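Counting convention: from 1, in listed order, for ligands and their atoms alike. In this text the structure is predicted, and so the values were computed from the model without any measurement. In this chain, residues are counted from 1 in sequence order.
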Amino acid sequence: MKERLAKAAREAMSQAYAPYSGYCVGAALLCADGSVYTGCNIENAGYSATNCAERTAFFKAISDGKREFTAIAICGGKGGQLTDRIVSPCGVCRQVMREFCDDAFFVHLVTDTAIQTMTLAELLPLSFGPDNLTV
Ligand code: THU
């Protein structure tokens with residue numbers, strides 16, 4: 001399954017809108033029901049309005065009614081060229097994952113030759129999440 005997700009992430013990367021950084025990212029999010037949502041980064045002339053590939057995938061899925069997720073694959077590189085360097089999700093994307101995913105959620109970091117798998121707990125230790133707001 002991680003290979004299938006990695007392939008979907010690569011395909012999504014080809015849709016990246018990254019005229020400012022030239023750094024193209026793709027993500028493929030596996031829902032608990034088996035469906036897959038992809039996303040790319042979408043940059044903006046007002047740089048802070050940029051949306052990362054991971055959040056694009058999550059927001060597409062959530063706006064489609066999905067709430068349970070199993071794994072995400074992420075890849076990227078300058079000009080859409082994968083290298084041996086992973087794309088590690090930014091802090092905002094990790095926090096969005098935390099809203100909808102548990103500690104065991106798998107994050108597959110895809111390079112040109114390998115897939116490094118981490119859990120959300122490893123990427124975002126001591127996190128603040130929805131459970132912190134319950135009494
Ligand atoms: N980017 C992502 O889409 N995901 C990440 O995990 C890291 C960074 C995008 C945002 C921006 O369009 C470009 O990569 C350079 O930061």
Check ring-ring contact (aromatic ring centres under 6.0 Å, His included) between Y47 and all other residues, then give those that pass, not counting sequence neighbours. Y20
If a pair satisfies salt bridge (Lys or Arg N to Asp or Glu O under 4.0 Å) and one of its residues is in residues 111-124, list it, with sequence neighbours excluded. none
Have D84 and T111 got a donor and an acceptor in their side chains that come within less than 3.5 Å? no
Contacts satisfying salt bridge (Lys or Arg N to Asp or Glu O under 4.0 Å) that involve residues 33-50 (not counting sequence neighbours) are D33-K66
Is any NZ, NE, NH1 or NH2 atom of the basic residue among K7 and E11 found under 4.0 Å from an Asp or Glu carboxylate oxygen of the other? yes
Of the non-hydrogen atoms in A18 and C24, which two are nearest, and what is the gap between them? CB-SG, 4.4 Å
Which protein residues have a heavy atom closer than 4.0 Å to any atom of ligand 1, listed by chain and number? S21, Y23, V25, N41, E43, T50, C52, A53, E54, V87, S88, P89, C90
